[in-house]
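Written out below as structure tokens is the structure these notes cover.
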Amino acid sequence: MEEKQMHHQVSADQDQIVDKRTLRRVFWRSFHLQGSFNYERMQALGYLYAMIPILLKLYPKKSDLAAALKRHLEFFNTTPAVSSFVMGISTAMEEKNAREKGVFDSSSINAIKVALMGPLAGIGDSFFWGTFRVIAAGIGISLASQGNILGAILFLVLYNIPHFFLRYKGTFWGYNQGTTLLSSLYEKGNMEKVSYCAGILGLIVIGAMTGTLVQFTTPLEISIQGATVNLQETLDQIMPNILPLGLTLLLFLMLKKGVKVNYIMIGIIAVGILGKWAGIL
Amino acid sequence: MVLEAILIGLLGAIGILDGRIFGQMMFERPLVMGPLVGLVLGDFTTGIIVGATLELVWMGIVGVGSATPPDVTTGGILGTAFAIMTDSGAEVALALAVPIAILAQSLGILVRTINTSFIHRADKYAEEGDTKKIVLMHWLAVGLFFLNGFVPNFLGILLGSEVVEGIVNAIPQTITEGLQVAANMFPALGFALLLQMTFTKKLSPFYFLGFGLAVFFGLDITPVAVIGAIIAVVIYQLMPTDKDKEVLL
């Protein structure tokens, strides 16, 4: 509905009140997003915390400032790493609001925030949690399990390079191009393509980890007409590591059916102890 | 012991605050906290290895969306610490870390509930245009999160280490061996949780491709990640954009 509106409303133009320094403060303060996380409005107070330098600069009059402060205490929740992008957009819109007082529809500022947080969380979670972190952790764990401290260091470095880059750049992209950038990405279907391909990479790595990092074998031997058959050897002939794969898919199905993670964790411990005791595992 | 307890408590606080005011740089994860605990308790290598094991187990446990997940930071720190203090391996760390993480989760839920009162007071200060007091409300909540990290880890080391030592020594061998089996199975849960986030029918072949590359060709994670990245880029280039969609389809 607001496609057209967004284009001319959101992007900042030449006479900018907000300088680079203040925007950089928003970037640093965006790290605080979840500092006062609560169940009622989630990241709202952290979001406002990041916006305060901007609002103080834009609204010298107390009543205007109060309205703006209240505006950013509304419910907000998204992937922390991409929050600075939304803050950049809010900054551009607040600036416009301050300049075109009375003309600009200030309720659109929150409308855009609310419209963005869902889709951005979807992309953000799949990138940062599902792809970057998984790859960084996969590489880190394989080094660390041999006692090498490089594992932890590489994990942090590999994850935080894209994290800092996108968080920093995102602030300025949001401010300068605002929703124009996002809607053009969506229009061409590029965003979908990018997150689809990130999903490919993520799944390949998760598949490889299933094959290398889950150790799940059985010592069970079955006697058939006097001959002993080692079950594990037979399974290995069918496909190596078929048990880890089966276990992972089984747990995946249980999660899909809505079984609670905590129950599964306790269940695994119970199965491990009972299985060992019975000589099956 | 008091000094160690304070240091471990501070590690817990830093870990919890990572996702709060440090932008979630991931030093909250057991993979990073493990070595740091090892450093404090004088067994760096065990810290690294136990941290890696717990990371593997909890890889899929993340705070996505609005749910509060099991507290892997506190679970990871105390699990690693107790494994080092009792001279036992990763399987004992895991057996201790799982219940600790679940217990600590409820503490995190409590903090997030109490924090609701701070945002209500912030509403009032917003009305008055008082940014200083709003910032104070924010920091009070941060302070609660600090305690959320510090208190259980500090008390865990100070009061818990003897108790835990007693428990660990009393565990019969069959149970310890069973815990080892469970520890080996646990990563499957992590990957199942990750699949829940990424798996779709259309993308499913790529999961099995990764599995096959590792199992049949014996490739490590790093080469598989490189191959995966190349495949992702190639597919990206092959996918039609809207402009040439009519031409290709």
> Looking only at atom types and distance, does a side-chain atom of A/Glu40 sit under 3.5 Å from a main-chain N or O of B/Thr116, one as donor and one as acceptor?
Replying inline: no

> What heavy-atom pair brings A/Leu73 and B/Ala126 nearest, and what distance separates the two atoms?
Replying inline: CD1-CB, 3.9 Å

> Got a second to check how far A/Phe75's CZ is from B/Ile119's CD1, nearest 0.5 Å?
Replying inline: 10.0 Å

> What residue in B/Gln180, B/Met59, B/Arg29 has the most heavy-atom pairs under 4.5 Å with chain A?
Replying inline: B/Met59

> Heavy-atom distance under 4.5 Å to chain B: side chain of A/Leu56, backbone, both or neither?
Replying inline: side chain

> Where does A/Tyr59 contact chain B at under 4.5 Å (heavy atoms): side chain, backbone, both or neither?
Replying inline: neither

> Which pair of non-hydrogen atoms, one from B/Met239 and one from A/Lys193, has the smallest distance, and what is that distance?
Replying inline: O-NZ, 3.5 Å

> Can you tell which of B/Val32, B/Ile175, B/Asn184 has the highest number of heavy-atom pairs within less than 4.5 Å of chain A?
Replying inline: B/Asn184

>> Within this structure, what is the OH-CZ distance for the pair A/Tyr39 and B/Arg112, rounded to the nearest 0.5 Å?
In response: 5.5 Å

>> Can you give me the closest heavy-atom contact between A/Ala208 and B/Ala214, atom names plus distance?
In response: O-CB, 3.6 Å

> Tell me, side chain or backbone of A/Asp64 under 4.5 Å from chain B's heavy atoms, or both, or neither?
Replying inline: neither

> If you count heavy-atom pairs under 4.5 Å between each of B/Phe216, B/Phe27, B/Phe118 and chain A, which one has the most?
Replying inline: B/Phe216

>> side-chain contact (heavy atoms from CB on, under 4.5 Å) for A/Phe128 and B/Met26? Distances and angles first, verdict last.
In response: CA-CA 11 Å; A/Phe128 284 95; B/Met26 294 295 156; over 6 Å; no

> In Å, rounded to the nearest 0.5 Å, how long is the span from CD1 of B/Ile227 to CG of A/Leu201?
Replying inline: 11.5 Å

> Highest number of heavy-atom pairs under 4.5 Å with chain A: which of B/Leu219, B/Leu203, B/Ile49?
Replying inline: B/Leu203

>> Please rank A/Leu247, A/Leu251, A/Leu274, A/Leu255 by heavy-atom pairs under 4.5 Å with chain B and give me the top one.
In response: A/Leu255

>> Shorter than 4.5 Å, heavy atoms on both sides: which option in A/Ile139, A/Leu249, A/Val261, A/Val205 has the most such pairs with chain B?
In response: A/Ile139

> Do A/Lys256 and B/Phe199 pass the side-chain contact (heavy atoms from CB on, under 4.5 Å) test, and can you show the C-alpha distance, the side-chain angles, and the key distance before you say yes or no?
Replying inline: CA-CA 11 Å; A/Lys256 268 185 111 178; B/Phe199 195 88; 5.7 Å; no

> Is atom CZ of B/Phe217 surrounded by more than 12 heavy atoms (other residues, nucleotides or ligands) closer than 6.0 Å?
Replying inline: no

> So what's closer than 4.5 Å to chain B heavy atoms on A/Leu45: side chain, backbone, both or neither?
Replying inline: both

> What residue, out of B/Val98, B/Thr45, B/Leu209, B/Thr174, has the most heavy-atom pairs lying under 4.5 Å from chain A?
Replying inline: B/Val98

> So what's closer than 4.5 Å to chain B heavy atoms on A/Pro80: side chain, backbone, both or neither?
Replying inline: side chain

> Considering only heavy atoms, which portion of A/Arg133 lies under 4.5 Å from any heavy atom of chain B: side chain, backbone, both, or neither?
Replying inline: side chain

> Among A/Asn160, A/Leu33, A/Leu65, A/Ile135, which has the most heavy-atom pairs under 4.5 Å with chain B?
Replying inline: A/Asn160

> When heavy-atom pairs shorter than 4.5 Å are enumerated against chain B, which of A/Gly46, A/Ala144, A/Ala152, A/Pro244 gives the highest number?
Replying inline: A/Ala144

> For the residue pair A/Gln34 and B/Phe145, what are the closest heavy atoms and their distance?
Replying inline: O-CE1, 3.9 Å

> What's the spacing between B/Leu144 CG and A/Phe37 CZ if we round to 0.5 Å?
Replying inline: 14.5 Å

> Which value, rounded to the nearest 0.5 Å, describes the distance between A/Arg41 atom CZ and B/Asp123 atom CG?
Replying inline: 4.0 Å

> Can you name the closest pair of heavy atoms from A/Met265 and B/Phe186 and give their distance?
Replying inline: O-CZ, 3.4 Å

> Less than 4.5 Å apart, any side-chain heavy atom of A/Trp129 and any of B/Gln24?
Replying inline: yes

>> For the OG atom of A/Ser145 and the CD atom of B/Glu55, what is their distance to the nearest 0.5 Å?
In response: 11.5 Å

>> Under a 4.5 Å cutoff for heavy-atom pairs, which residue among B/Thr222, B/Asp130, B/Leu189 has the most contacts with chain A?
In response: B/Leu189

> Hey, which of A/Thr212, A/Thr248, A/Leu69, A/Ile204 has the most heavy atom pairs under 4.5 Å with chain B?
Replying inline: A/Ile204

> If you take all heavy atoms of A/Ile269 and B/Leu179, which pair is closest and at what distance?
Replying inline: CG2-CD2, 3.8 Å

> Any idea which of A/Leu245, A/Leu48, A/Leu281, A/Ile266 has the most non-hydrogen atom pairs under 4.5 angstrom with chain B?
Replying inline: A/Leu245

>> Parallel, tilted or perpendicular: which one describes the rings of B/His138 and A/Tyr49, with boundaries at 30° and 60°?
In response: parallel

>> Need one label for B/Ile114: side chain, backbone, both or neither, based on atoms under 4.5 Å from any heavy atom in chain A.
In response: neither

> Given a strict heavy-atom distance threshold of 4.5 Å, which part of A/Asn241 is in contact with chain B: side chain, backbone, both, or neither?
Replying inline: both

>> For B/Gly23, is there any backbone N or O sitting under 3.5 Å from a side-chain donor or acceptor partner on A/Arg167?
In response: yes

>> Could you walk me through whether B/Lys202 and A/Tyr196 satisfy the side-chain contact (heavy atoms from CB on, under 4.5 Å) test, starting with their C-alpha distance in whole Å, then the side-chain angles of each, then the deciding distance to 0.1 Å, before giving a yes or no?
In response: CA-CA 10 Å; B/Lys202 220 173 146 191; A/Tyr196 184 84; 3.9 Å; yes

